[in-house]
A.B. asks: 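Here's a structure for you.
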Amino acid sequence: MKIIMLGAPGAGKGTQAKKIAGRYRIPHISTGDIFRANIKGGTELGMKAKAYMDQGQLVPDDVTIGMLLDRISEPDCADGYVLDGFPRTIPQAESLKAALEKRGEKMDYAIDVDVPDEAIVTRMGGRRACVSCGATYHIVFNPTKQEGICDACGEKLVLRDDDKPETVQNRLGVYHDQTQPLIEYYRNEGILRTVDGTKDLNEVFEDIINVLGA
Ligand code: ADP
Ligand code: AMP
């Protein structure tokens, strides 16, 4: 099964993508996580991406598309995957479609996790991310057992630089301009499914399972 997670930054794409990946035993591919791993590793790709990410802007398509297409060509993607944070522009969606068509494949579902902007600001201000394993939590909605420490690996949690309020506003603007048009795009492709992302995160997951089938 090949799934795209759509939705504003902070809508809960990553949270749900991890649950989907666990249940359906497919890899969770987050372009944001790949960029952050490259920044941490000090690679050339990471250095290119960092300047854009810090501003809340999108990393240019010529960097992002090749990186994602390489990733989905790896052997662990043979039975499907869940994409989180890609595509974020129409050219990214077109490139993905063209690359899959060449192999006689197509995406199965684009799940839009729908959350209004007002709720997004609270979500992102309270998000805490593990510097080591990439797990994400929320100080109120999904807290760790021990404050500031990752349940999964015991490392320290941080507030991402791009989750600070001034950058969140930029990211929401970028989302509405460049990414939201993908909702119409995938509606026209016939694979759009919308879930109410304001519900409790376990209820959102139930709704997604109803879409995907157990
Ligand atoms: P995205 O990947 O779309 O940017 P995340 O999955 O990281 O978003 O979620 C953003 C923040 O909101 C995180 O702190 C997460 O724990 C929290 N969150 C996710 N889903 C819900 C939900 N349904 N209700 C409340 N908080 C949520
Ligand atoms: P995320 O972890 O999905 O919230 O992404 C964090 C940041 O990484 C975004 O604000 C962008 O700067 C960058 N990024 C992630 N995915 C993409 C993408 N598909 N296209 C362009 N930039 C991206």
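None of these values were measured; they are calculated from a predicted model. Remember, it's 1-based here, ligands and their atoms both numbered in the order they're listed.
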A.B. asks: Extract all N/O-N/O pairs under 3.5 Å that connect ligand 1 to the protein, and present each with both atom names and the distance rounded to 0.1 Å.
C.D. replies:
unit_1   : atom_1 : unit_2 : atom_2 : d
ligand 1 : 2 (O)  : Gly14  : N      : 2.7
ligand 1 : 3 (O)  : Gly10  : N      : 3.4
ligand 1 : 3 (O)  : Ala11  : N      : 3.3
ligand 1 : 3 (O)  : Gly12  : N      : 3.0
ligand 1 : 3 (O)  : Lys13  : N      : 2.8
ligand 1 : 3 (O)  : Lys13  : NZ     : 2.9
ligand 1 : 4 (O)  : Gly10  : N      : 2.8
ligand 1 : 4 (O)  : Arg127 : NH1    : 2.9
ligand 1 : 6 (O)  : Gly14  : N      : 3.4
ligand 1 : 6 (O)  : Thr15  : N      : 2.8
ligand 1 : 6 (O)  : Thr15  : OG1    : 2.6
ligand 1 : 7 (O)  : Arg127 : NH1    : 2.5
ligand 1 : 8 (O)  : Gly12  : N      : 3.2
ligand 1 : 8 (O)  : Arg127 : NH1    : 3.4
ligand 1 : 14 (O) : Tyr137 : O      : 2.7
ligand 1 : 23 (N) : Lys199 : O      : 2.7
ligand 1 : 23 (N) : Leu201 : N      : 3.4
ligand 1 : 24 (N) : Arg123 : NH2    : 3.4
ligand 1 : 26 (N) : Arg123 : NE     : 3.3

A.B. asks: Charged N to carboxylate O below 4.0 Å: is that the case for Lys106 and Glu189?
C.D. replies: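 Not counted as a salt bridge, because no side-chain N and carboxylate O are separated by less than 4.0 Å.
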A.B. asks: Under 4.0 Å from ligand 2, counting heavy atoms only, is it the side chain of Arg36, its backbone, both or neither?
C.D. replies: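 For Arg36, only side-chain atoms sit under 4.0 Å from ligand 2.
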A.B. asks: Just going by heavy-atom distances, which of Ile34, Val63, Val59 is nearest to atom 21 (C) of ligand 2?
C.D. replies: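 The residue whose heavy atom sits nearest atom 21 (C) of ligand 2 is Val59.
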A.B. asks: Just to confirm my output: which protein heavy-atom neighbour is closest to atom 1 (P) of ligand 2, and how far is it?
C.D. replies: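 Ranked first by proximity to atom 1 (P) of ligand 2 is Arg88 NH2, 3.6 Å.
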A.B. asks: Quick one: do Thr89 and Asp61 satisfy side chain to side chain donor-acceptor pair (under 3.5 Å)? Show the steps, please.
C.D. replies: CA-CA 8 Å; Thr89 64; Asp61 284 346; 3.2 Å; yes
A.B. asks: Not counting sequence neighbours, which residues clear salt bridge (Lys or Arg N to Asp or Glu O under 4.0 Å) with Asp33? List them please.
C.D. replies: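 Here the qualifying residues are Arg36.
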A.B. asks: For atom 8 (O) of ligand 2, find the nearest protein heavy atom and state the residue, atom name and distance (0.1 Å precision).
C.D. replies: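 It is Met53 CE, 3.4 Å.
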A.B. asks: Say you draw a straight line from SG of Cys130 to CD of Glu155; how long is it, rounded to the nearest 0.5 Å?
C.D. replies: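 Separation between the atoms: 6.0 Å.
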A.B. asks: What residues, two or more places apart in sequence or in another chain, satisfy ring-ring contact (aromatic ring centres under 6.0 Å, His included) together with His28?
C.D. replies: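 Scan of His28 (ring-ring contact (aromatic ring centres under 6.0 Å, His included), adjacent residues dropped) gives none.
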A.B. asks: For atom 10 (O) of ligand 2, which protein heavy atom lies nearest, and how many Å away is it?
C.D. replies: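 Atom 10 (O) of ligand 2 sits closest to the protein heavy atom Arg171 NE, 3.7 Å.
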A.B. asks: Would you say Gly85 and ligand 2 have an N/O pair spaced under 3.5 Å apart?
C.D. replies: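 Yes - when backbone and side-chain N and O of Gly85 are compared with those of ligand 2, one distance drops under 3.5 Å.
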A.B. asks: Considering only NZ, NE, NH1 and NH2 on the basic side and carboxylate oxygens on the acidic side, decide whether Asp112 and Arg193 come within less than 4.0 Å.
C.D. replies: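 Salt bridge: no.
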A.B. asks: Of all heavy-atom pairs between Ile34 and Met67, which one has the smallest distance, and what is that distance?
C.D. replies: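 What the structure gives for the nearest pair is CG2-SD, 3.7 Å.
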A.B. asks: Any idea which protein heavy atom is nearest atom 23 (C) of ligand 2, and the distance to it?
C.D. replies: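 Atom 23 (C) of ligand 2 sits closest to the protein heavy atom Phe35 CE1, 3.8 Å.
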A.B. asks: Which atoms of ligand 2 have any heavy atom of Gln57 under 4.0 Å away?
C.D. replies: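 Close to Gln57: 11 (C), 12 (O).
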A.B. asks: Under 4.0 Å between a Lys/Arg side-chain N and an Asp/Glu carboxylate O for Glu94 and Lys97?
C.D. replies: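 Salt bridge flag = no for Lys97 with Glu94.
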A.B. asks: Note the single closest protein heavy atom to atom 20 (N) of ligand 2, along with its residue, its atom name and the distance in Å.
C.D. replies: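 Ranked first by proximity to atom 20 (N) of ligand 2 is Gln92 NE2, 2.9 Å.
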A.B. asks: Could you list the atoms of ligand 2 found under 4.0 angstrom from a heavy atom of Thr31?
C.D. replies: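 Result: 15 (C), 16 (N), 17 (C), 19 (N).
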A.B. asks: Check Asp76 with Arg71, please: is the shortest side-chain N to carboxylate O separation under 4.0 Å?
C.D. replies: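 Judged by the 4.0 Å cut-off on N to carboxylate O distance, Arg71 and Asp76 do form a salt bridge.
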A.B. asks: Should the proximity of Arg160 to ligand 2, defined as any heavy atom under 4.0 Å, be assigned to the side chain, the backbone, both, or neither?
C.D. replies: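 Answer for Arg160: side chain.
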A.B. asks: Salt bridge or not between Asp163 and Arg171? Use side-chain N to carboxylate O under 4.0 Å.
C.D. replies: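 Yes, charged N to carboxylate O under 4.0 Å.
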A.B. asks: Among all residues two or more places apart in sequence or in another chain, which pass the side chain to side chain donor-acceptor pair (under 3.5 Å) test with Asp200?
C.D. replies: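 So Asp200 forms no side chain to side chain donor-acceptor pair (under 3.5 Å) with any residue.
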A.B. asks: Would you give the length of the straight line joining atom CD1 of Ile191 to atom OH of Tyr185, rounded to the nearest 0.5 angstrom?
C.D. replies: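 Separation between the atoms: 8.5 Å.
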A.B. asks: List every atom of ligand 2 that sits less than 4.0 Å from any heavy atom of Thr64, numbering the atoms from 1 in the order shown and giving each element.
C.D. replies: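 Near Thr64, meaning under 4.0 Å from one of its heavy atoms, ligand 2 has 18 (C), 19 (N), 20 (N), 21 (C).
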